[in-house]
Peer 1: 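Would you mind keeping the following structure in view while I ask a few things?
Only a predicted model underlies this, so the values are computations on that prediction, with no experimental measurement involved. The chains referred to below are lettered A, B, ... by the order of the sequence lines, with proteins before strands, and numbering in each begins at 1.
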Amino acid sequence: MIGDVVIAGGAMTPFNRRKDGSSFRDWARAAALSALEDAGLEAADIDALVVASESDFFTMQLNPAALLADECGLTGVAAKRVEGGGASGHLAVHAGLAEVASGMARRVMVLGVEPSASHLKGVDVGALYGLSFDAWSDGMTGIDSTSLYALSVQGFMARTGASLEDFAEIAVRNRANARENSNAHLPLDITLKDVADSPVVASPYRRLDCSPLSDGAAAIILARDEDLPTLGRSRARFRAASSAVDTVRLGERADPSFFAGKHRAAQKAYAMAGLTAADIQLAEVYDSYSGAQLQALEALGLAARPELPVNLSGGLLGQGAPVGATGVAQVLAAALQLEGRYFGKRAQNAPRFALVDTHGGIATLNAVSILEAV
Amino acid sequence: MKHQINLDYTIPVGDLAPYFEALQRGDALARKCKGCGRVSFPARSQCADCNGAEMQWHPLIGTARILFRTDGAGGSFALVQFDGADTRSTVALSNAAQTSDFGALVKAPDGGNGIWLDLTSHDARNDDVR
């Protein structure tokens, strides 16, 4: 059962643009070893590895699961790689969760990594991201990720009355949250005017409305209580995990401004957990763009909850976005919040239920998890 | 360490070949579901509405109305509704300085791919009947 599985431990490296000559193998190894230490386990205790990495174009490494098992001293384990665009890390968590819940494995390491910043020029990364949508139509027309999100959010503005200032408030708040997160890429002290004065990337989005390209890694260990040292009994556990896709082409959606696939994934998660949106007390949501956070909260049923702590980690806007590691780090942040040992900004009131939301494409492939404090 | 790979893809497009060949000519060739009648542009192999697999080719006149538009360093793009299509399309704008809400399909520049729209100074969609 999913509810038997706990996040036994986890760790992440700083998310940023590496300028120190370190490699993605170094970051992956550092996250993996720290996660093992946090769980009170050794490499020999792990019997399966699930690696998340969005693209071989970024790593220049095919078959990365085998390589990283080797690099992390996990020789002999079952290993696989999971990919789902921006949702790769979160989907890898779901794959590891399924392995433990089904009994296929007792202790699974989920390891996300991506050199999204340091390996390629930004324009080349942008061209590759354009293939995250329908490569034969959008991608080969040259439409980039920011432009597609910009088209979608204009519909959201027209439908809901959301303003550019609403978006800027998120850009400012998430960067402020990131200032308490020592692993964050953009811990910025900025104002609404700074956002409004930043260069246009794709109207209405400006540079400070956009999440950065980041390097980094994150790892978590999944297991049942009985397969862990005693500290496992204090760890956060899964209450639900779900996924849903939407139509790939924005123009074919009934409402291009509404994240219907995310809504479907959230409804499935709430049903699985036996909860409603009103029960969620903390959320880490996929804010690839400032307006996308509002679109996500709407789809998750959390838009009418201004008091809800959202993206205390800084989110993608503040903490950063090394794609394969992003979803793993989101789950880690939510788990540590529930356990009262988060290293960044903590919720004022100890939450019992936390929601994690990640997507690939433009909310095309969506992953939602609900975690529960012990 | 520096490393470079140049990749030159040849991508067969299967049963959508007529659609891509039409785009290369500057023509809009949609697909219409024989089951529910939905007209999809870009063309699809299977209907996204009823999942019908029986599709027939359906030429459009190639004119479109802009719903939303974005401009930036990477170019100008729009979400548009082609006349005669039931789906919307994302397109690149070939003459971004123009501010019209109407346009017509043109060939991708430099032998490229994708759907490109040339904005027109007026709504030319009904010129034939004026």
Side-chain angles (χ1 to χ4, degrees), chain A residues 21 23 56-57 59-61 118-120 122-124 126-131 133-159 199-207 209-210 246-257 362, chain B residues 1-5 7 9 11-14 16-17 19-20 23-24 31 38-49 64 66-82 85-94 96 105 108-117:
Chain A
S23 76
D56 305 336
F57 287 114
T59 56
M60 278 297 291
Q61 175 65 58
S118 61
H119 278 202
L120 292 171
V123 65
D124 293 329
L128 291 170
Y129 278 171
L131 305 178
F133 309 95
D134 181 347
W136 287 7
S137 54
D138 302 323
M140 292 184 188
T141 302
I143 302 176
D144 57 290
S145 174
T146 310
S147 295
L148 277 174
Y149 275 92
L151 293 173
S152 175
V153 87
Q154 288 181 61
F156 180 77
M157 295 169 77
R159 176 168 57 80
V200 172
V201 178
S203 57
Y205 279 139
R206 296 175 177 273
R207 179 170 294 165
D209 289 305
C210 307
D246 199 350
T247 305
V248 172
R249 296 175 190 155
L250 189 65
E252 290 189 347
R253 298 180 183 179
D255 181 349
S257 74
I362 180 162
Chain B
M1 178 166 64
K2 296 285 284 185
H3 188 65
Q4 189 174 40
I5 293 180
L7 304 171
Y9 289 92
I11 303 174
V13 292
L16 293 178
Y19 160 76
F20 285 102
L23 277 187
Q24 291 290 317
R31 256 192 165 174
R38 177 174 158 122
V39 176
S40 298
F41 188 77
R44 295 181 57 95
S45 298
Q46 182 169 320
C47 181
D49 198 30
I66 307 284
L67 303 175
F68 298 109
R69 155 180 187 158
T70 182
D71 301 274
S76 295
F77 305 97
L79 184 67
V80 307
Q81 181 87 49
F82 275 89
D86 293 315
T87 60
R88 306 171 191 89
S89 311
T90 46
V91 303
L93 302 178
S94 61
L105 184 78
D110 305 321
N113 299 299
I115 308 175
W116 287 72
L117 204 70

Peer 1: Tell me which of these, L16(B), T87(B), T90(B), has more heavy-atom pairs under 4.5 Å with chain A than the rest.
Peer 2: T90(B)

Peer 1: What residue in G126(A), S147(A), S137(A) has the most heavy-atom pairs under 4.5 Å with chain B?
Peer 2: S147(A)

Peer 1: Please classify the contact of Y149(A) with chain B as side chain, backbone, both or neither, using a heavy-atom distance under 4.5 Å.
Peer 2: neither

Peer 1: Out of T247(A), T146(A), I143(A), D134(A), return the one with the most heavy atom pairs under 4.5 angstrom to chain B.
Peer 2: I143(A)

Peer 1: Given heavy-atom pairs under 4.5 angstrom as the criterion, report whether the side chain, backbone, both or neither of V80(B) touches chain A.
Peer 2: neither

Peer 1: Counting heavy-atom pairs closer than 4.5 Å to chain A, which one of D49(B), L7(B), I115(B) comes out on top?
Peer 2: I115(B)

Peer 1: Do S203(A) side-chain atoms and T70(B) backbone N/O form a donor-acceptor pair below 3.5 Å?
Peer 2: no

Peer 1: Would you name the heavy atoms of D144(A) and F77(B) that are closest together and state the gap between them?
Peer 2: OD1-CE1, 3.7 Å

Peer 1: So which heavy atom on Q154(A) is nearest to which on R69(B), and how close?
Peer 2: NE2-O, 2.8 Å

Peer 1: Looking at A78(B), G112(B), S89(B), which one has more heavy-atom pairs under 4.5 Å with chain A than the rest?
Peer 2: A78(B)

Peer 1: For R88(B), is there any backbone N or O sitting under 3.5 Å from a side-chain donor or acceptor partner on R249(A)?
Peer 2: no

Peer 1: For F68(B) and L151(A), work out which heavy atoms get closest and say how close.
Peer 2: O-CD2, 3.4 Å

Peer 1: Quick one: pull up CE in M1(B) and NE2 in H119(A) and give me the separation to the nearest 0.5 Å.
Peer 2: 7.5 Å

Peer 1: What part of L23(B) gets within 4.5 angstrom of chain A, counting heavy atoms only: side chain, backbone, both, or neither?
Peer 2: neither

Peer 1: State, to 0.1 Å, how close F20(B) and W136(A) come at their nearest heavy-atom pair, and which atoms those are.
Peer 2: CE2-O, 3.6 Å

Peer 1: Please state whether the side chain, the backbone, both or neither of A108(B) comes within less than 4.5 Å of a heavy atom of chain A.
Peer 2: neither

Peer 1: Quick one: which of I5(B), D71(B), L67(B) has the most heavy-atom pairs under 4.5 Å with chain A, could you say?
Peer 2: D71(B)

Peer 1: Among A150(A), S152(A), A202(A), single out the residue with the greatest number of heavy-atom pairs under 4.5 Å to chain B.
Peer 2: A202(A)

